[in-house]
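Counting from 1, the numbers follow the sequence of the chain as shown. Whatever order the structure lists them in is the order used to number ligands and atoms, beginning at 1.
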Amino acid sequence: MTARVQAVRGMNDVLPPETGVWQHVRDCARTVMESYGYGEILLPLVERAELFNRAVGEVTDVVEKEMYVFEDRGGEALALRPEGTAGCVRACIEHGLLHNQQQRFWYFGPMFRYERPQAGRYRQFHQVGVEAYGMAGPDIDVEVIAAGSRFLRRLGFRGLQLHLNSLGTPAVRTAYRQALVDFLQAHAPQLDADSQQRIARNPLRVLDSKVPATQAILADAPSILDYLDTPSRVHFDGLQQGLSDLGIACVVDPRLVRGLDYYTHGVFEWQTTELGAQGTVCAGGRYDGLVEQLGGEPTPAVGFASGVERLVLLLQQQAAAATGALQVYVCGLDAESQRVALRECERVRDALPALQMLVHAGGGSLKSQLRRANASGARYALVLGSREVEDGVVQVKSLRGEREPELVAWRDVAPRLMEYLAAPPVSAEI
Ligand code: ATP
Ligand code: MG
């Protein structure tokens, strides 16, 4: 047999019905971002390599170690985009969207980084993100975080922690950087090799180290919050007040940094403890320095990017988590319905590997099957008879009166269940 060609390591196929879960994430992003007046922007996957060298910086892992760069046939140095912000700024400058204007954009699409693949970390991955230009904040920072928060809540997540920090003005950063370098140099022998190298080149990034021994040393590192000047303090207080006004809880985390020089003032991340080391599902901040760095007029900017694979993983885990109890009970009302149920439920299991779903066996009337469904403790029943089979649908029925029964096409069952099961009984949205 001829050898097969396999997919590139770290680049995944997404097959139906799991594509339904992706569609759901994208739909949630669209609905929420549009409800805040953000317009969708579509940008090329390939840009000049120079764009990222200038934007993301030569001394970051993303550019130094992770970027896919290549020459095209004309000898031009190009890169697969490792992130969305640089291209968005490039496009805004190119189309004259920034001068005396305010802009709000959102995007969804693939990014590429040559990283070591593991759960939640891939070489082609997807981000959903937003960028807002021309507003100095902190009101717009609050809006961006509120939109992110609403997006994550709409997906059904609870218990994600919002971490917040301020990097202040560039002057604050410079002063802090020096203090941090002094501290790191004094403790250099106890740091991991990567962190030792970063002291001279990108010391703030050391704070981001995932090595436990390094993290332990960093507990005593100076805090940037002690270095904030008055404008930085006022901005940060305004941001925290705004979040508190909206009832958005956050943890101030002075070790939260972005390794890139153009970040200023508020930076933030949503984290979960449920995805191991890949616990950040969304990260962002204010980047007032970037537009100028890319040749535009100085323009205030703020945004975030969220890793879609991590959201999908977390959704699948959480849909299944509900204390290990049975979640779905499937009732096929005749022999043919039962065959369809067995077949289609295998596909639902492919999409939601940890879903706890029991397919009734042994026949019986609707009434007797539903009695068993209720007794099983499941939250939802899937019910199908000859009419449903004919239409390729199934009735999704709440067993606890949470919502009206509805007919759902089989390909939509997995995302629908995921959405319903991730949500606790209806509660107030922020
Ligand atoms: P990490 O510290 O996990 O490497 P990062 O700081 O490199 O993250 P950002 O550049 O801030 O990540 O990207 C924003 C989000 O994109 C991350 O919080 C994460 O959810 C997601 N992300 C980043 N890199 C990857 C990857 N290789 N695979 C999957 N998702 C990713
Ligand atoms: Mg990274």
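Listed by chain and number, Arg113, Glu115, Gly120, Arg121, Tyr122, Phe125, Gln127, Arg205, Lys210, Arg258, Thr280, Val281, Ala283, Ala305, Gly307, Arg310 each place a non-hydrogen atom less than 4.0 angstrom from ligand 1.
Salt bridge status for Asp208 with Arg205: present, with a side-chain N to carboxylate O gap under 4.0 Å. A salt bridge links Arg416 with Glu406: the distance from a Lys NZ or Arg NE/NH1/NH2 to an Asp or Glu carboxylate oxygen falls below 4.0 Å. Salt-bridge formation is detected for the pair Asp288/Arg286: a Lys NZ or Arg NE/NH1/NH2 atom is positioned less than 4.0 Å from an Asp or Glu carboxylate oxygen. Using a 4.0 Å cut-off between charged nitrogen and carboxylate oxygen, Arg233 and Asp229 do not count as a salt-bridge pair. The residues Arg123 and Glu115 are annotated as not salt-bridged, no charged nitrogen and carboxylate oxygen being separated by less than 4.0 angstrom.
Considering only residues two or more places apart in sequence or on other chains, Ser195 meets the side chain to side chain contact (heavy atoms under 4.5 Å, CB included) condition with Leu191, Asp192, Val206, Ser209, Thr214.
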